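Data first, discussion second: the structure below is written as structure tokens.
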Amino acid sequence: MSKVTVTLPDDFILGAAASAWQTEGWSGKKAGQDSWIDAWYKNDRQVWHNGYGPAGATDFINRYQEDVALMKATGLTHYRTSINWSRFLTDYENAVVDEEYARYYDQLIDEMQRQGIELMLCLEHYELPAVLLEQYGGWGSKHVVELYIRYAEKVFERYAGKVTRWFTFNEPIVVQTRVYLDALRWPYEQNTHKWMQWNHHKNLATARVVKLFREQGYQGTVGTILNPEVTYPRSSAPHDVQAAEMYDLFYNRVFLDPAIKGEYPAQLMALLAGHQVQWEYDAAELQLIADYRVDEVGINLYYPHRVKAPSHAWHPQTPFHPAYYYEHFELPGRRMNQSRGWEIRPQIIFDMAMRIKQEYGNFPWFVAESGMGIENEAQFRNADGQIEDDYRIEFIGEHLYQTLKAREAGANCQGYMLWAFTDNVSPMNAFKNRYGLIEIDLDNQRQRRMKKSAHWYRSLRDSHQLTITLDDQWK
């Protein structure tokens, strides 16, 4: 073990992320403005930890001034959140803006500018209007793509002069994978055809937003936030290596390649056709994806994914699922976050950075989310009432070190953003696992308190120096 000190470059992003639905709460929300996540909560409340969901969240919509002041105290250079599509409009067909909700964003943007923190805005973070799922099947419909573009037009008209870094989606693969591929979330329908149609329409929507932004001559960039899982095979045997490659193809490259390279992998297209996965697309849509690629990508990195070659026989009546080609594998002796059930391997950041450098032309990117959720954090409260989250400081330090190490190795990685700034609601887990630099006390009117990690994060910003103790094998 040895102590290592590295320098954070002056232009390095040291930020944090959240989303509208996980922070704002329902204060001021009007009838008919439910998002998919709101509808899921209303229809399936029992699966949310202690029945707590997005209704209250952290009440950011009423307490943003307090929270922005805490962002400044914590030393954030950037803060990423979303605009809630379902709340920004009162009429989705005609793109009629909800002025009350829009003014809240006017004020938030102004407040962040006053505090010197750059706001990065995402257009969709699971916030598909519920009525569009009910009426049209959500992202399975090309009409919903059109409605999303109308929404984007209104957002850009209002805010593009003040916000310059935009993102089309956060983790665009997640909702349809949980709903249609694995049938783990409401409305629970295993349908691989719908899964791929949603994938394609989100890729198409990204390209169309990029086209809109550029043709209107707005200043700034349009990116997307992806969550490709760094995938390791169980062994070096060809069958295990192939299993990892197949997992990567279906879950990672299905969005990475269109966003950065402007095309779907040929192997993916052939496999989908071979398994009779039915999805609608045409040459003009593929050309649009080729012509309008994003300017940057944010990548959410939490844990590694490990797979092995499948040992099962696929039942002929079971619809095709990518798990036809792999099985999950758990590495014995792996380091774990026992609260979340996730493996901890900071090297995933360096490995992803080298992949982007080598396979994607060293495309500009940044760590858009990285964080550690811990259950029952109150057990770490000291006599002064502060949560001493040394485990989070260690986690951030190790992952930030890998980010800076990758940058020194030539990766075009622009920064590190933590999930999350405050504790907030997560799908199903609600507030069970806490991620924030700032504690949200649900038993005391959502009082905010800086954790030990918040003060440490500020020291990083002030000193531009990261000092950590590392096992020599990871130096």
Side-chain angles (χ1 to χ4, degrees), residues 13 15 17-21 23-24 33 35 61 64 78-113 117-129 132 139 141-172 201-226 255 258-259 262 285 288-289 291-298 364 366 368:
I13 294 171
S19 73
W21 79 264
T23 55
E24 288 176 357
Q33 288 187 319
S35 66
I61 199 166
Y64 68 88
H78 295 70
Y79 177 69
R80 175 177 68 87
T81 189
S82 59
I83 292 179
N84 191 328
W85 176 10
S86 67
R87 295 194 60 177
F88 188 73
L89 302 177
T90 57
D91 179 338
Y92 306 117
E93 301 290 339
N94 298 299
V96 177
V97 174
D98 183 329
E99 283 298 322
E100 181 183 7
Y101 186 74
R103 281 195 299 274
Y104 149 66
Y105 270 91
D106 290 331
Q107 294 161 0
L108 173 61
I109 292 168
D110 290 344
E111 183 65 21
M112 295 202 69
Q113 288 181 336
I117 303 164
E118 182 171 348
L119 180 62
M120 305 157 77
L121 282 177
C122 186
L123 294 172
E124 205 260 36
H125 192 131
Y126 311 168
E127 295 135 349
L128 170 76
L132 301 186
W139 286 104
S141 165
K142 294 189 189 301
H143 182 60
V144 168
V145 177
E146 295 295 332
L147 298 183
Y148 176 74
I149 300 306
R150 294 176 197 174
Y151 154 64
E153 287 175 342
K154 294 296 184 180
V155 171
F156 290 154
E157 285 174 8
R158 187 157 189 140
Y159 306 123
K162 292 184 176 181
V163 176
T164 59
R165 291 179 88 157
W166 294 93
F167 302 89
T168 55
F169 293 96
N170 178 83
E171 298 182 346
H201 281 161
K202 289 182 179 182
N203 281 320
L204 178 61
T206 290
R208 291 196 56 186
V209 169
V210 172
K211 181 175 185 287
L212 168 68
F213 191 86
R214 292 177 183 167
E215 288 182 345
Q216 293 299 315
Y218 295 120
Q219 298 299 306
T221 58
V222 177
T224 190
I225 309 292
L226 305 179
F255 278 99
E285 292 172 350
L288 196 70
I289 290 170
D291 290 341
Y292 293 98
R293 290 171 278 177
V294 297
D295 299 303
E296 63 176 338
V297 293
F366 61 98

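Note that the structure is predicted; figures quoted are calculated from it, not measured.
- If you run side chain to side chain contact (heavy atoms under 4.5 Å, CB included) between Phe169 and each of Val209, Thr224, Leu123, only Thr224 comes through.
- The CD atom of Glu146 sits 9.0 Å away from atom OG of Ser141, with the distance rounded to the nearest 0.5 Å.
- Listed by chain and residue number, Thr168 satisfy the side-chain hydrogen bond (donor to acceptor under 3.5 Å, both in side chains) test with Thr206 (two or more places apart in sequence, or in another chain).
- In terms of heavy atoms, Pro172 sits closest to Lys202 at O-NZ, 2.9 Å.
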Problem set entry | Arg87/Ile61 under side-chain contact (heavy atoms from CB on, under 4.5 Å): CA gap, chis, key distance, verdict | CA-CA 12 Å; Arg87 295 194 60 177; Ile61 199 166; 3.9 Å; yes
For this session: Kindly determine whether Asp291 and Arg214 satisfy salt bridge (Lys or Arg N to Asp or Glu O under 4.0 Å), including the steps that lead there.
Result: CA-CA 12 Å; Asp291 290 341; Arg214 292 177 183 167; over 6 Å; no
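- Taking the side chain as every heavy atom from C-beta outward, Trp139 and Glu124 approach each other to under 4.5 Å.
- Listed here is the closest heavy atom pair of Arg80 and Asn170: NH1-OD1, 3.2 Å.
- Between Pro129 and Trp85, some side-chain heavy-atom pair lies under the 4.5 Å cut-off.
- In this structure, the ring pair (Phe, Tyr, Trp, His ring centres under 6.0 Å) partners of Tyr64, at least two apart in sequence or on a different chain, are Tyr104.
- In plain terms, the two heavy atoms of Lys154 and Ala95 that are nearest each other are CE-O, 3.2 Å.
- Across all non-hydrogen atoms, the minimal contact from Leu226 to Ala259 is CD1-CB, 4.5 Å.
- Shortest non-hydrogen contact noted between Trp21 and His125 is CD1-O, 3.1 Å.
- Donor-acceptor pairing under 3.5 Å is recorded for the side chains of Asp98 and Gln33.
- Atoms NZ and CD, from Lys142 and Glu285 in turn, are 3.5 Å apart once rounded to the nearest 0.5 Å.
- Each salt bridge (Lys or Arg N to Asp or Glu O under 4.0 Å) pair with one or both residues in residues 155-168, not counting sequence neighbours, appears once here: Glu99-Arg158, Asp106-Arg158, Asp110-Lys162, Arg165-Glu296.
- Leu132 and Tyr92 get closest at one heavy-atom pair: CD2-CB, 4.3 Å.
- Salt-bridge formation is not detected for the pair Arg150/Asp91: no Lys NZ or Arg NE/NH1/NH2 atom is positioned less than 4.0 Å from an Asp or Glu carboxylate oxygen.
- Considering OG of Ser82 and CZ of Phe88, their distance stands at 12.5 Å, rounded to 0.5 Å.
- Put simply, the side chain of Met112 reaches to within 4.5 Å of the side chain of Tyr79, judged on heavy atoms.
- Asp295 contributes no side-chain N or O that, together with a main-chain N or O of Gly223, makes up a donor-acceptor pair within less than 3.5 Å.
- Side-chain contact between Phe366 and Ile225: present, with at least one pair of heavy atoms (C-beta onward) separated by less than 4.5 Å.
- Classified by interplanar angle (parallel below 30°, tilted 30° to 60°, perpendicular above 60°), the ring pair Tyr105/Tyr159 is tilted.
- Between Thr81 and Leu121 there is a side-chain heavy-atom pair separated by less than 4.5 Å.
- Ring planes of Tyr218 and Phe213: tilted class, angle from 30 to 60°.
- Annotation: side chain of Leu147 is not in contact with side chain of Leu89 (no heavy-atom distance under 4.5 Å).
- Remark: side-chain polar atoms of His78 are not paired, donor with acceptor, to backbone N or O of Gly15 under 3.5 angstrom.
- Between the side chains of Glu93 and His143, a donor-acceptor pair is found at a separation under 3.5 Å.
- Contact check for Ile13 versus Glu118: no side-chain heavy atoms found under the 4.5 Å cut-off.
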